[in-house]
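Worksheet for the structure shown next.
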Amino acid sequence: RPPETTPTPLADPLIARTTRYELPAAEVALVRVPTDAVHESTGHELAVDDGGRAWYVAPGERTRFDADAWVVVASHADG
């Protein structure tokens, strides 16, 4: 059974607009990929585009999303 953890809210829930959000506690980052860009996966990745579609991106796969998307990547990856 995993250890019990207590969620901690953000001290300031407003965060600056950026194309990458590090989530160190989860060892992942959210990377913004615009519609016109090609994203190459550095591992098993999940994405959700602005149209509400979810995507699985296999390691090494090159993907162009139908709408701007957020991709969950390993925090050590370049995105």
Side-chain angles (χ1 to χ4, degrees):
R1 178 181 165 149
E4 297 282 330
T5 58
T6 303
T8 54
L10 295 172
D12 182 358
L14 299 177
I15 49 181
R17 184 176 180 162
T18 184
T19 58
R20 185 179 182 97
Y21 293 99
E22 293 292 333
L23 302 170
E27 298 182 0
V28 298
L30 300 176
V31 176
R32 186 73 168 168
V33 179
T35 304
D36 58 348
V38 174
H39 172 74
E40 184 169 350
S41 174
T42 59
H44 297 280
E45 299 175 349
L46 297 175
V48 177
D49 71 25
D50 287 353
R53 290 171 293 273
W55 303 69
Y56 165 73
V57 188
E61 183 178 349
R62 294 174 54 85
T63 304
R64 185 182 309 265
F65 300 104
D66 294 336
D68 289 356
W70 285 101
V71 182
V72 179
V73 302
S75 61
H76 65 276
D78 293 329

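- S41 and P59 make their closest contact through OG-CA, 3.8 Å (heavy atoms, listed as atom of the first residue, atom of the second, distance).
- At a threshold of 4.5 Å between side-chain heavy atoms, the hydrophobic network of Ile, Leu, Val, Met, Phe, Trp and Tyr places V48 and V33 in two separate groups.
- Minimum heavy-atom separation, P34 to D68: CA-OD1, 3.3 Å.
- The other residues sharing a hydrophobic cluster with Y56 are L46, where clustering joins ILVMFWY side chains under 4.5 Å apart.
- Here the side chains of L30 and V72 are in contact, with some heavy-atom distance below 4.5 Å.
- Residues T35 and R64 approach most closely at O-CG, 3.4 Å, considering heavy atoms.
- Both V73 and W55 are members of a single hydrophobic cluster when ILVMFWY side chains are connected at heavy-atom separations under 4.5 Å.
- Across R20 and A74, no two heavy atoms sit closer than the pair NH2-O, 4.2 Å.
- How far CZ of F65 is from CG of D36: 12.5 Å, rounded to the nearest 0.5 Å.
- Checked options R62, H44, E45; the residue passing with V57 is E45 (criterion: side-chain contact (heavy atoms from CB on, under 4.5 Å)).
- Here the closest non-hydrogen pair linking G51 and A67 is N-CB, 4.0 Å.
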